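Remarks on the structure that follows.
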Amino acid sequence: MDYVKRILDIVVNQNKWRRYECLNLVASENVISPLAEKVYLSDFMSRYNEHNAESHYQGTKFAMEIEYVVKKIFEEKFNTDKIEIRPLSGGLANLIVYRSILKPGDTFISPKLTAGGHVSSTRYGVAGVLSLAEIPMFFDSDEMTVDVDKTVELINNVRPKLIMFGRSVILFPEPIKEIKNEIDPKIKIVYDAAHVFGLIWGGKFQDPLDEGADIITTSTHKTFPGPQGGAIIARSDIDEKIWRKLEFTTFPGVVYNHHIHRFPALGITALEMNEFGKEYAEQVISNAKALAEGLFNYGFNVLCPHKRFTASHQVLIDVRELDGGRKVATKLEENNIIVTKIALPWDSDKDATGNPSGIRIGVQEMTRWGMRESEMKYIAELFHEILNENKSVRDKVVEFRKGFREIRYCFKVERYEDYLARLFGGF
Ligand SMILES: Cc1ncc(COP(=O)(O)O)c(C=O)c1O
């Protein structure tokens with residue numbers, strides 16, 4: 001077996017299939033821009049940096065500079081100097097925040113797993129690893145939002161040190177302000193923006209820090225279309241002791257080399273989002289509504305028709321009548337349509353990894369490939385043909401994708417050709 005060829009084949013196959021032949025509708029994925037992709041592969045990929053105030057390595061002057069510059073872009077966007085971009089993922093960002101504020105044995109309040117809470121905020125994930133006990137906040141599954149009155153009562157009874165908002169299944173903004181106004185101001189409010197960070201950056205979802213959150217944790221690669229990684233953003237007036245603990249939990253706590261090669265791509269994405277983020281976020285939300293409406297018109301049980309289905313990048317369908325999320329997601333994948341099976345609020349924790357009630361669709365990536373409302377209507381028709389009429393549409397999907405091969409909402413690579421020619425030689 002020639003493993004070299006096999007590995008190269010795998011990469012070619014992946015690129016061909018997922019990048020050019022599929023409708024990628026996974027709500028936690030995206031595609032980075034051509035310019036960000038160009039600078040992702042650089043000498044930084046092979047280097048180390050570990051630092052608090054000073055680097056503990058030699059040869060890091062540019063590694064320190066790129067981190068400084070990217071943090072500066074984030075600082076200017078969020079109006080705070082409390083930015084941490086070293087966490088390698090959103091889950092790790094959550095771990096760092098929990099560890100900095102809570103002690104083993106503490107309880108905190110977070111979204112229930114089957115109401116879209118991320119596993120890192122439950123006993124099965126980071127919270128369990130840190131010996132924390134989560135108490136789920138109350139959720140209204142008709143409205144697909146937090147039940148504010150019951151949750152305020154819960155918080156005022158439990159008096160936790162920390163409440164976590166934000167979820168993996170998220171159609172509508174979280175009621176941060178409503179809850180903040182009714183609880184002890186000393187309770188720290190954290191917002192896990194992993195899914196909606198791009199919509200927040202574009203100013204089209206909610207503004208957690210302005211509404212009363214103390215800290216945002218996030219991934220940098222879902223609706224925010226950057227390289228895979230994590231970040232933490234805190235209010236500028238957060239207790240210095242907490243921020244210092246957070247930095248020390250990051251390093252030397254849990255992140256050593258922080259994979260510096262992410263930073264040029266992260267910076268480019270942030271600048272692209274400054275320029276195109278509003279337009280992108282608007283189109284994402286409009287596309288999600290159009291897809292939801294199209295699916296609803298074909299008889300699918302799309303959640304929240306009374307609220308125009310969604311205010312985010314996500315669309316949720318209850319597919320219990322079609323044999324459940326696992327079956328439906330598999331059938332769609334056979335037709336090159338990639339979605340996620342997902343638990344809905346009435347499911348049990350066990351259903352989440354079994355055959356849950358729902359599928360979750362995210363339109364952010366296909367929006368970046370240039371699709372708009374009319375394409376969403378066509379995608380709804382493809383779902384109908386596959387799931388209601390049992391037709392095979394794989395070839396149609398491949399053909400359809402041929403019209404969408406250019407990534408939008410980003411800088412043109414040609415503008416920077418002279419720099420790109422110098423990246424690997426030609427100095
Ligand atoms: C709400 C939420 N938080 C955190 C994470 C973890 O992010 P990462 O995959 O970057 O660790 C996810 C992942 O999907 C998520 O949905």
Side-chain angles (χ1 to χ4, degrees), residues 24-30 32 84-99 108-130 132 134 136-137 139 144-146 162-174 176 189-201 205-206 208 213 215-233 250 254-255 258-259 262-263 265-266 269 312-316 329 338-345 349 352-353 356 358-362 364-365:
N24 292 314
L25 298 170
V26 175
S28 53
E29 295 179 349
N30 215 321
I32 70 173
E84 182 55 83
I85 54 172
R86 288 175 295 177
L88 302 178
S89 69
L92 197 52
N94 283 347
L95 184 145
I96 291 163
V97 169
Y98 286 137
R99 179 76 182 91
F108 69 104
I109 290 177
S110 68
K112 195 171 124 206
L113 188 70
T114 55
H118 186 250
V119 66
S120 58
S121 293
T122 70
R123 71 201 62 188
Y124 310 112
V126 161
V129 168
L130 295 175
L132 306 171
E134 90 278 14
M137 58 179 72
F139 195 71
M144 287 302 282
T145 50
V146 174
L162 183 153
I163 308 167
M164 178 61 104
F165 284 105
R167 49 195 83 222
S168 307
V169 180
I170 181 162
L171 296 178
F172 303 107
E174 300 276 46
I176 305 172
I189 297 184
V190 185
Y191 186 100
D192 180 342
H195 261 267
V196 287
F197 192 53
L199 306 182
I200 289 172
W201 196 293
F205 194 65
Q206 66 184 136
I215 299 176
I216 292 175
T217 59
T218 191
S219 306
T220 53
H221 51 267
K222 299 187 198 294
T223 51
F224 184 87
Q228 294 190 335
I232 302 168
I233 301 160
T250 304
V254 291
V255 181
H258 42 266
H259 302 187
R262 297 178 291 131
F263 292 157
L266 182 60
T269 309
S312 76
H313 60 305
Q314 296 186 6
V315 176
L316 300 174
I338 315 294
V339 303
T340 318
K341 67 175 171 12
I342 207 83
L344 294 175
D349 286 3
T353 49
I359 58 164
R360 182 188 65 182
I361 307 169
Q364 68 292 340
E365 179 177 338

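Here, residue 1 is the first one in the sequence, and each next residue gets the next number. Side chains are part of it too, since the values below use all heavy atoms of this structure and drop only hydrogens, waters and symmetry mates. Note that the structure is predicted; figures quoted are calculated from it, not measured. We count ligands from 1, going down the list as the structure has it; atoms in each ligand are counted the same way.
Looking at ligand 1, you'll find an N or O of G91 within less than 3.5 Å of one of its N or O atoms. Checked against a 3.5 angstrom limit, the closest N/O atoms of S28 and ligand 1 fall outside it. Annotation: S168 places an N or O atom under 3.5 Å from an N or O atom of ligand 1; distance criterion only. Annotation: S120 places no N or O atom under 3.5 Å from an N or O atom of ligand 1; distance criterion only. Residue G90 places at least one N or O, backbone or side chain, under 3.5 Å from an N or O of ligand 1.
Side-chain contact between F172 and S312 is absent, with no heavy atoms from C-beta onward closer than 4.5 Å. H221 places none of its side-chain heavy atoms less than 4.5 Å from the side chain of E29.
Listed by chain and number, the residues in a side-chain hydrogen bond (donor to acceptor under 3.5 Å, both in side chains) with R86 are E84 (sequence neighbours excluded).
Regarding atom 7 (O) of ligand 1, its nearest protein heavy-atom neighbour is S219 OG, 3.1 Å. Protein heavy atom in closest approach to atom 1 (C) of ligand 1: D192 OD2, 3.4 Å. At the shortest separation from atom 9 (O) of ligand 1 among protein heavy atoms lies K222 NZ, 3.7 Å.
With a heavy-atom cut-off of 4.0 Å, H195 touches ligand 1 through its side chain alone. In A194, the part holding a heavy atom less than 4.0 Å from any atom of ligand 1 is the side chain.
Under 3.5 Å, the side chains of N24 and E365 contain a donor-acceptor pair of N or O atoms. Between the side chains of Y191 and T217, not a single donor N or O lies within less than 3.5 Å of an accepting N or O.
In summary, E174 and R167 engage in a salt bridge, as defined by a charged side-chain N under 4.0 Å from a carboxylate O.
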Problem - Working for side chain to side chain contact (heavy atoms under 4.5 Å, CB included), residues S28 and R360 - result: CA-CA 10 Å; S28 53; R360 182 188 65 182; 3.8 Å; yes
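Checking side-chain atoms of S89 against main-chain N and O of L92 turns up a donor-acceptor pair under 3.5 Å.
Remark: ligand 1 atoms within the under-4.0 Å shell around heavy atoms of H221 are 10 (O).
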